[in-house]
Amino acid sequence: MTSSSHNDPEDKDTVTITDNRNQRQVDFRILHSELGPDVIDIQTLYRELGYFTYDPGFTSTGSCDSEITFIDGVQGILLHRGYSIEQLTEQSNFLEVAYLLINGELPSDDQWHRFKHEIETHSMVDEQLIRFYSGFRRDAHPMAIMVGVVGALSAFYHDSLDIHDAEQRHLASMRLIAKMPTIAAMAYKYTIGQPFIYPTNKLSYTENFLKMLFSVPANDYEPNPVLSTALEKIFILHADHEQNASTSTVRLAGSSQANPFACIAAGIASLWGPAHGGANEAVLTMLNQIGSKEHIPEFIARAKDRNDPFRLMGFGHRVYKNHDPRANVLKDSAHAVLKELDAMNQPLFELAMELERIALEDEYFIEKKLFPNVDFYSGIILQAMGFPTSMFTVLFALARTAGWVAQWNEMITSPVHKIGRPRQRYTGHGPRDYVAIDRR
Ligand code: CMC
């Protein structure tokens, strides 16, 4: 039995699976990808052969069609809607990239002004939401606050919860992008016991965020252009990254038709882990743990030891196997920021640069293609700019909200919209009889 392939009379666009156990052969269609590997359509595999596929970590599994972001991990290419991350960080700004991710095209002048105005209109949060913060301990991790407060938005904005209504989806999307800096800055201000600062719409998205974080009512505040440019780049570089853990979490949560605020809160929870968004925080923790240059060889040896769980944080990537294009952009930014802040000679940054040099020359890291990823440099920049490490992942979440919102919208409006429901290989007990507690 064969299934037909598109535009190929000879059925070359199929992959045949031979099931030796049951002496059967079944053809599966190969679907063409615009860029990157084509995919085998195995939706009928279970029906045809009675097997599930087995792919823990989904390293060979495409979970959806997407037109938003393309990554070539071998060449080190990252494109959003076809535009390279290098051009976007050089020529665009974060809000325009958010527009591009959501709408598929760069905005015209008129569209840009309307979008910007819409975001500005939604930058404040409900005053009642502000009281939500006082329920948290002052020493709460700001990501814990983010998960709670973003999830709680669904309790405040009832007019944007209906996922079947395009206008409500749009409103929820605008609210999420617009309010995220305000919510994030409030999480920070709360933990340091300073008053919340309201948004200032005449500033850019990034400058406004810096002001809400670092200004106090008693003083004037002028954003430093070198720092806001570096942060803008960090935001653009983190805006979307295809079907990573947190984006897949947002899609999976959304596939059950959960409301958008709950879905984004789920994404934030997933992003928090040290193997994902928590890595730049982990980089700083690691640098502090290493302490000084003479301890580097000891930690490099630990990273190479299979029996030691220690890994060099900020090195390696699941998808990029030669270089991380985002890291290249940030490496230059890191130097600009350190120069601006006269921090080039600070021991922590000297340590980071020495660690980078040693790891890049080490046979183990070369052979396994482990090079500094985006988090290595973003951690260094954010630390120099005065962000506490606990805020690093919050900034990532803020930026990634643009991608999550775009991916969530794409999923909801896709013609193939099914609840996500992976299967498993069961390895537990076979059926057995219950034993009463006094006989166990
Ligand atoms: N330090 C030491 N060894 C490493 C490291 C590292 N950072 N990363 C991978 N390896 C080794 C790993 O032990 C394995 O060795 P072996 O072949 O002997 O078993 C080999 O390299 C391949 O690693 P892997 O675990 O199969 O690779 P992966 O694709 O599953 O892991 C990763 C990717 C990012 C989870 C991992 O490299 C890592 O834990 N890095 C540190 C954490 C980090 O910086 N994460 C941020 C990723 S970038 C942000 C984002 O896009 O979300």
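Just so you know, ligand 1 is whichever comes first in the structure, and atom 1 is the first atom listed for that ligand. Since this is a predicted model, take the numbers as computed values, not measurements.
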So Tyr133 and Phe196, ring pair (Phe, Tyr, Trp, His ring centres under 6.0 Å) or not? Walk me through it.
CA-CA 11 Å; Tyr133 281 76; Phe196 297 144; 5.3 Å; yes
Do His238 and Val374 pass the side-chain contact (heavy atoms from CB on, under 4.5 Å) test, and can you show the C-alpha distance, the side-chain angles, and the key distance before you say yes or no?
CA-CA 9 Å; His238 287 85; Val374 67; 3.8 Å; yes
Test side-chain contact (heavy atoms from CB on, under 4.5 Å) on Thr53 and Tyr46; report intermediate values, then the result.
CA-CA 8 Å; Thr53 56; Tyr46 178 60; over 6 Å; no
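Among protein heavy atoms, the minimum distance from atom 45 (N) of ligand 1 is reached at Ala279 CB, 3.4 Å. Here the protein heavy atom with the shortest distance to atom 19 (O) of ligand 1 is Arg306 NH2, 3.3 Å. Atom 2 (C) of ligand 1 has as its closest protein heavy atom Ala303 O, 3.6 Å. The single protein non-hydrogen atom nearest to atom 42 (C) of ligand 1 is Met313 CE, 3.3 Å, given as residue, atom name and distance. The protein atom (non-hydrogen) at minimum distance from atom 49 (C) of ligand 1 is Asp375 OD2, 3.0 Å. What sits closest to atom 1 (N) of ligand 1 on the protein, heavy atoms only, is Leu312 N, 3.0 Å. From the protein, the heavy atom lying nearest to atom 47 (C) of ligand 1 is Asn373 ND2, 3.7 Å. Counting protein heavy atoms only, atom 20 (C) of ligand 1 is closest to Lys368 CD, 3.7 Å.
For Arg137, the CZ atom sits in a loose shell: 12 or fewer heavy atoms of surrounding residues, nucleotides or ligands are nearer than 6.0 Å. Few gaps surround CD on Gln289; more than 12 heavy atoms of other groups in view lie less than 6.0 Å from it.
Side-chain contact between Arg425 and Phe52: absent, with no pair of heavy atoms (C-beta onward) separated by less than 4.5 Å. Side-chain contact between Asn244 and Arg400: present, with at least one pair of heavy atoms (C-beta onward) separated by less than 4.5 Å. With contacts defined as side-chain heavy-atom distances shorter than 4.5 Å, the pair Asn201/Ser123 qualifies.
Nearest to atom 37 (O) of ligand 1 by heavy atom, out of Phe371, Phe299, Tyr364, Phe315, is Phe315. When Val319, Leu370, Thr59 are checked for heavy-atom proximity to atom 5 (C) of ligand 1, Leu370 turns out nearest. Which of His317, His276, Arg311, Arg318 comes nearest to atom 12 (C) of ligand 1 through a heavy atom is settled by distance: it is Arg311.
For ligand 1, the atoms sitting less than 4.0 Å from at least one non-hydrogen atom of Gly314 are 43 (C), 44 (O), numbered in the order shown with element in parentheses. In the vicinity of Arg326, heavy-atom distances shorter than 4.0 Å reach the ligand 1 atoms 51 (O). Here is the list of ligand 1 atoms found below 4.0 Å of a heavy atom in Gly316: 34 (C), 37 (O).
Ligand 1 is never approached by Phe310 to a heavy-atom distance shorter than 4.0 Å. Residue contacts with ligand 1 include Lys321, since one of its heavy atoms falls under 4.0 Å from the ligand. Within the structure, ligand 1 lacks His238 among the residues with a heavy atom less than 4.0 angstrom away.
Remark: Asn93 pairs with no residue by the side-chain hydrogen bond (donor to acceptor under 3.5 Å, both in side chains) rule, at least two apart or across chains. Partners of Phe371 under the ring pair (Phe, Tyr, Trp, His ring centres under 6.0 Å) rule, at least two apart in sequence or in another chain, do not exist in this structure.
Contacts of Arg302 with ligand 1, taken as heavy-atom pairs under 4.0 Å, are absent altogether. Of the heavy atoms in Phe376, none comes closer than 4.0 Å to ligand 1.
With rounding to the nearest 0.5 Å, the separation of NE2 in His122 from CE in Met174 is 8.0 Å.
A donor-acceptor pair is defined here as one N or O able to donate and one able to accept, closer than 3.5 Å; such a pair exists between the side chain of Asp38 and the backbone of Ser33.
For atom 9 (C) of ligand 1, the nearest protein heavy atom lies under 4.0 Å away.
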